[in-house]
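Just so it is clear, the values below take in all heavy atoms, side chains as well, and ignore hydrogens, waters and symmetry mates.
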Amino acid sequence: MEQTYADTTIVGRLSRAPRPLGSSGEFCELHVAVNFPEKSPAAGYNDAVQYHRVVIFRKEVARFALDHLQQGDTVKLKGVLRPNRQNIVSGQPVETTEIHVDQDGSVRLMQRRTGRGLREPA
């Protein structure tokens, strides 16, 4: 069975600082929180949050993320949505999806969070 993957672009805030993957630090992992309105019968619209795991496989983009991004920054990510199967402690496999930033992907800093305020990137 051939798997098809979907190109995706998201804009959200880093929920934690970028983390290097592997001993050489050529890859990087990000966790991004994306807010979106969700319709509720009682209250109209509520603000809902989805969390996405992002893995960066491009060396230069991973280096940019590790050197310049921090928790709370707003970023725009372009990548490919990929399925992932993990085994948790109970031994049950859990299906998740993650965004892979590879050859055609990109990461852009949209807004930096500093202390309590926000400022535009330089």
Of the non-hydrogen atoms in [X] and [Y], which two are nearest, and what is the gap between them?
X	Y	answer
Leu66	Arg19	CD2-C, 3.9 Å
Val49	Ala33	CG1-CB, 4.0 Å
Arg16	His31	NH1-NE2, 3.3 Å
Pro37	Tyr45	CB-CD2, 4.1 Å
Leu109	Phe64	CB-CZ, 4.3 Å

Exercise for review: Take Ile56 and Val107, measure what side chain to side chain contact (heavy atoms under 4.5 Å, CB included) needs, and give me the verdict at the end.
Suggested key: CA-CA 9 Å; Ile56 301 174; Val107 175; 3.9 Å; yes

Exercise for review: Taking only Lys NZ, Arg NE, NH1 and NH2, and the carboxylate oxygens of Asp or Glu, determine whether Glu98 and Arg82 approach each other closer than 4.0 Å.
Suggested key: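 Here Glu98 does not pair with Arg82 in a salt bridge, since their nearest N and O are not under 4.0 Å apart.
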
Exercise for review: Identify the residue among Asp73, Thr74, Val34, Val32 that makes a side-chain contact (heavy atoms from CB on, under 4.5 Å) with Arg13.
Suggested key: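 Of Asp73, Thr74, Val34, Val32, side-chain contact (heavy atoms from CB on, under 4.5 Å) with Arg13 is met by Thr74 alone.
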
How about [X] and [Y]: do any of their side-chain heavy atoms sit closer than 4.5 Å?
X	Y	value
Val55	Asp102	no
Cys28	Pro18	yes
Lys78	Lys76	no
Ser15	Tyr51	yes
Asn84	Thr97	no
Leu14	Val75	yes
Ile99	Leu81	yes

Check your understanding: In Å and rounded to the nearest 0.5 Å, what is the CZ to CZ distance from Phe27 to Arg58?
Key ->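 Rounded to the nearest 0.5 Å, the CZ-CZ separation comes to 13.0 Å.
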
Point to revise | CG on Asn46 to CD on Glu38, rounded to 0.5 Å | key: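 Spacing of CD (Glu38) from CG (Asn46) equals 7.0 Å.
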
Practice item. Take Phe36 and Gln50, measure what side chain to side chain contact (heavy atoms under 4.5 Å, CB included) needs, and give me the verdict at the end. Key: CA-CA 8 Å; Phe36 64 97; Gln50 283 185 340; 3.3 Å; yes

Practice item. Might you confirm whether atom CD of Gln103 has over 12 heavy atoms from other residues, nucleotides or ligands at distances under 6.0 Å? Key: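 No, CD of Gln103 has 12 or fewer neighbouring heavy atoms, counting only those of other groups under 6.0 Å.
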
Practice item. Please say whether more than 12 non-hydrogen atoms of neighbouring residues, nucleotides or ligands are located less than 6.0 Å from CZ in Arg108. Key: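 No, the 6.0 Å shell around CZ holds no more than 12 heavy atoms from other groups.
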
Exercise for review: Verify the ring-centre separation between Phe57 and His100: is it less than 6.0 angstrom?
Suggested key: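 They qualify: ring centres under 6.0 Å apart.
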
**Study point:** Which residues share a salt bridge (charged side-chain N to carboxylate O under 4.0 Å, His left out) with Glu26, sequence neighbours left out
**Key:**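 Expected list: none.
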
